[in-house]
Amino acid sequence: MSETSFYTRAAFYWANVPATIDGILGGFGHISDIDIDGSKAFLREIFRFKNPPGRQLALDCGAGIGRISKNLLIPLFDKVDLVEQDEKFVDAAKKFIGENNRHLGTVYNIGLQHFKPQKMYDVIWCQWVLGHLNDYDLISFLERCNDALIRDGVIIIKENITTTNEVDYDEEDSSITRPYELMKQIIDEARLQILKTDIQLGFPDDIYPVYTFALAPIEPSDIEIV
Ligand SMILES: C[S@@+](CC[C@H](N)C(=O)[O-])C[C@H]1O[C@@H](n2cnc3c(N)ncnc32)[C@H](O)[C@@H]1O
């Protein structure tokens, strides 16, 4: 499939999805609370690191209607910016979060494949959206995020992972699900290192396993000279 149709099909799919938690989660709205609780526990452990990220500014990538911003990031950070390519979701997110919420920062209405962060972030959260980027665009997106991390900042990826070594393509929403090894390779290519990884517990058995990764730039001192 051409690159253009991979992206336009996804945009078309999301344009026809209602701006609700159930819509955003493909009929799995009932797992939202478990997901948020798992993410809170993961972030709590990140904040216990010896050099934890700051709490000033977070970025929610592929934010949908702001489910993660509202329930996870806004309670923890001074300001939260959002990136979301679907205009209807952007409008819904502002309402869902409350436009006057003093923690709501800039909302960018653009696809991640074109997005270049304009600020420096403590935490960049990417969940259930990276399957909408091809490998090439995902590597360059992560490289741009890498450049947009404040000292001790982290990128969090929370995504479905296949149980085989194959990439699965979902025709309905035009997304791919990657195997762990490919995700790891992409992370390496973007010159990031995995600080911590976890599998979300408590999800139904008939969905993909969901992995959370905390990533940080590879420091020059981490590179082995051979
Ligand atoms: C499964 S929803 C997840 C939303 C949110 N991350 C959450 O967990 O509640 C996927 C979201 O990614 C957005 N999306 C799809 N392709 C995108 C792209 N190329 N760039 C930015 N957002 C995209 C969709 O519009 C939708 O809001």
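Whatever order the structure lists ligands and atoms in, that order sets their numbers, starting from 1. Along the sequence shown, the residues carry numbers beginning at 1.
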Practice task
Report yes or no: do Leu112 and Leu182 belong to one cluster of Ile/Leu/Val/Met/Phe/Trp/Tyr joined by side chain heavy-atom distances under 4.5 Å?
Solution key: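 Yes, because Leu112 and Leu182 connect within a single hydrophobic cluster, where side-chain heavy atoms sit under 4.5 Å apart.
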Problem - Members sharing Ile74's hydrophobic cluster (side chains within less than 4.5 Å) - result: Ile36, Phe42, Leu43, Ile46, Phe47, Phe49, Ile68, Leu72, Leu73, Leu76, Phe77, Val80, Leu82, Val90, Ile97, Leu104, Val107, Val123, Trp125, Val154, Ile156, Leu195
Give me the pairs of N or O atoms, one from ligand 1 and one from the protein, that sit under 3.5 Å apart.
| from | atom 1 | to | atom 2 | distance (Å) |
| --- | --- | --- | --- | --- |
| ligand 1 | 6 (N) | Gly62 | O | 2.8 |
| ligand 1 | 6 (N) | Gln127 | O | 2.8 |
| ligand 1 | 8 (O) | Arg67 | NH2 | 2.8 |
| ligand 1 | 9 (O) | Arg67 | NE | 2.7 |
| ligand 1 | 19 (N) | Gln85 | OE1 | 3.4 |
| ligand 1 | 19 (N) | Gln113 | OE1 | 2.9 |
| ligand 1 | 20 (N) | Leu112 | N | 2.9 |
| ligand 1 | 25 (O) | Glu84 | OE2 | 2.6 |
| ligand 1 | 27 (O) | Glu84 | OE1 | 2.7 |
| ligand 1 | 27 (O) | Glu84 | OE2 | 3.4 |

Problem - Side-chain donor-acceptor contact under 3.5 Å, Ser174 with Tyr169 - result: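 Ser174 vs Tyr169: donor-acceptor pair found between side chains.
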Handout entry: Set of side chain to side chain contact (heavy atoms under 4.5 Å, CB included) partners for Glu45, sequence neighbours left out
Key =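 Residues passing side chain to side chain contact (heavy atoms under 4.5 Å, CB included) with Glu45: Arg48, Lys196.
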Handout entry: Sequence neighbours excluded, every pair satisfying side chain to side chain donor-acceptor pair (under 3.5 Å) that has a member inside residues 137-153
Key = Tyr7-Asp137
Problem - Stepwise salt bridge (charged side-chain N to carboxylate O under 4.0 Å, His left out) test for Lys184 and Asp188 - result: CA-CA 6 Å; Lys184 170 85 177 63; Asp188 287 349; 3.2 Å; yes
